[in-house]
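No experiment lies behind these values; they were computed from the predicted model shown. Each ligand, and each atom within it, is numbered from 1 in the order the structure gives.
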Amino acid sequence: MSASSAPGRRSLLLSLLLSLLLGCDAGTSIQNRQFLAFGTLMELTLAGVDGQRADRITAVIENDFHALHQAWHAWDPGPLALLNQAFADGERVALPKVVKPLLLASRTLSTRSDGLFDPAIGRLVDLWGFHRDDPRDNRPPSPEAIAELLRQHPSMKDLRLDGEQVSSLNSAVKLDFGAIGKGYGIDLAVERLRSMGVENAIVNGGGDLRAIGDRGNGAPWRIAIRHPDGEHLLGSIEVSGDESVFTSGGYERNYYWRGERYHHIIDPRSGYPARGTASVTVIHSDATTADAAATALFIAGPTQWQRIARQMGVGMVLLLAENGDLHMNPAMRARVKLTDESGTRIHLSAPFPAATMAGEQ
Ligand code: AMP
Ligand code: MG
């Protein structure tokens with residue numbers, strides 16, 4: 001979906017750190033398999049499975065991811081590109097089966113985020129230069145071009161579904177599932193794993209993951225949370241059962257122009273990269289919601305994240321502000337083990353319930 005612009009050295013260091021946390025330990029049979037998909041390094045961790053079975057399972061999951069990546073890609077030719085062309089032309093067309101569930105989930109989550117997460121703003125993302133594999137040579141668009149797109153105000157609310165047909169009331173709508181597709185793909189991968197009898201596993205896409213079961217011996221999975229500097233870990237959490245951990249950060253895709261850094265998470269209200277947040281980590285049951293929420297809460301920032309988290313039904317949030325302050329709710333505080341909290345100002349919010357709304361989608 002999107003290629004990371006992080007320098008290779010950092011990515012290597014990070015994968016090493018993650019592997020150290022997730023990797024094998026004596027006495028348990030844990031298999032790790034890696035492949036590239038969604039423009040990122042995907043890792044499957046399987047407990048209690050022998051090497052040959054792990055290879056077969058990985059081949060199935062990898063194949064699924066490649067098909068989804070092709071179907072949902074925001075700028076390569078494929079079903080989504082055709083759909084976006086139809087919206088631009090004001091045509092009503094058949095909604096591809098592979099896009100429909102993602103579109104429906106996106107619409108619900110967009111409404112709950114007050115439109116902060118809105119996959120219909122693909123033209124804005126494109127305008128900022130992020131609809132290309134390598135954004136490094138980009139420069140910011142003109143304020144006039146941004147104002148013109150804001151005036152047209154493309155949003156998920158413009159889409160009209162009529163049975164299996166879809167159209168857009170607004171020709172400026174361009175769908176970009178970059179903020180949710182990986183989460184949705186990881187949820188599908190977990191379904192697929194379960195259908196193959198796998199109950200203890202992690203599906204990890206570049207540090208965003210869903211963990212099911214445990215390490216096969218009753219011990220919980222240990223999950224690393226990336227620090228936005230790309231070289232350290234902010235902390236770790238233990239997971240057993242079924243939980244997703246997703247992080248959104250301005251460090252993932254960005255470029256520099258005249259000394260300013262411009263990143264890929266765009267505030268639909270201003271048309272500019274969101275300010276005030278360095279990264280947001282969300283723990284939630286399903287990966288689809290966790291992915292969309294991490295993006296929405298990044299935009300909501302230090303002053304509005306609590307309201308948006310409640311609306312999206314997300315029960316555990318950690319937000320690192322640009323000024324270095326950490327914001328968390330008590331449920332997250334109880335789960336996260338910070339690597340180094342000395343000198344960090346921690347703002348604890350009032351508690352809020354960890355209601356999951358996934359069933360309502
Ligand atoms: P994530 O890394 O999950 O936070 O997703 C970021 C990606 O989502 C970007 O690279 C864009 O493709 C897309 N995106 C950027 N801003 C938004 C937004 N406000 N709502 C939905 N998708 C967005
Ligand atoms: Mg996201």
Trainee: Restricting to under 2.8 Å, identify the protein N, O or S atoms around the Mg ion (ligand 2) as residue plus atom.
Mentor: Ala179 O, Asp291 O, Asp291 OD1, Thr295 OG1

Trainee: Of all residues at least two apart in sequence or in a different chain, which pass the side-chain contact (heavy atoms from CB on, under 4.5 Å) check with Pro330?
Mentor: Ser349, Pro351

Trainee: Take every heavy atom of Glu252, measure it against each atom of ligand 1, and state whether any distance is under 4.0 Å.
Mentor: yes

Trainee: Looking at every non-hydrogen atom in both residues, tell me the closest pair between Ala189 and Val203 and how far apart they are.
Mentor: CB-CG1, 4.1 Å

Trainee: Report the member of Ala179, Ser106, Ala74 with the shortest heavy-atom distance to atom 5 (O) of ligand 1.
Mentor: Ala179

Trainee: What atoms in ligand 1 come closer than 4.0 Å to a heavy atom of Phe117?
Mentor: 20 (N), 21 (C)

Trainee: Quick one: look at Val125 and ligand 1, take heavy-atom pairs under 4.0 Å, and tell me if it's side chain, backbone, both or neither.
Mentor: side chain

Trainee: Is it true that Arg226 and Asp208 make a salt bridge, defined as a side-chain N closer than 4.0 Å to a carboxylate O?
Mentor: yes

Trainee: Distance under 4.0 Å to a non-hydrogen atom of Ile299: what atoms of ligand 1 satisfy this?
Mentor: 19 (N)

Trainee: Measuring centre to centre across the rings, with the benzene-like ring taken for any Trp, is Phe130 within less than 6.0 Å of Tyr255?
Mentor: yes

Trainee: Which of the atoms in ligand 1, numbered in the order shown and given with their element, are less than 4.0 Å from a heavy-atom of Pro268?
Mentor: 19 (N)

Trainee: Kindly state whether the ring of Tyr262 and the ring of Trp257 have centres lying under 6.0 angstrom apart.
Mentor: no

Trainee: Only heavy atoms of Leu116, strictly under 4.0 Å: list the atoms of ligand 1 that pass.
Mentor: 18 (C), 19 (N), 20 (N)

Trainee: Please report whether ligand 1 has a polar contact with Asp291, defined as an N or O pair separated by less than 3.5 Å (distance criterion only).
Mentor: yes

Trainee: Considering both backbone and side-chain atoms of Ile265, is one of its nitrogen or oxygen atoms within less than 3.5 Å of a nitrogen or oxygen in ligand 1?
Mentor: no

Trainee: Looking at Trp305 versus Phe298, is the centre-to-centre ring distance below 6.0 Å?
Mentor: no

Trainee: List the atom pairs, with distances to 0.1 Å, where a side-chain N or O of residues 87-98 and a protein N or O form a donor-acceptor pair under 3.5 Å, not counting sequence neighbours.
Mentor:
from: Asp89; atom 1: OD1; to: Gln85; atom 2: NE2; distance (Å): 3.2
from: Asp89; atom 1: OD2; to: Gln85; atom 2: NE2; distance (Å): 3.3
from: Arg92; atom 1: NH1; to: Asp162; atom 2: OD2; distance (Å): 2.4

Trainee: Of Asn254, Leu109, Leu297, Asp176, which has the heavy atom at the shortest distance from atom 13 (C) of ligand 1?
Mentor: Asp176

Trainee: Heavy-atom distance to atom 19 (N) of ligand 1: which of Asp267, Ile266, Thr295 wins?
Mentor: Ile266

Trainee: Check the pair His347, Asp325 against side-chain hydrogen bond (donor to acceptor under 3.5 Å, both in side chains), reporting the backbone distance first and the verdict last.
Mentor: CA-CA 7 Å; His347 305 264; Asp325 286 6; 2.8 Å; yes

Trainee: Looking only at distance, does Ser248 have an N or O less than 3.5 Å from an N or O of ligand 1?
Mentor: yes

Trainee: Taking only residues at least two apart or on different chains, which pairs with a member in residues 46-59 satisfy side chain to side chain donor-acceptor pair (under 3.5 Å)?
Mentor: Arg33-Asp55

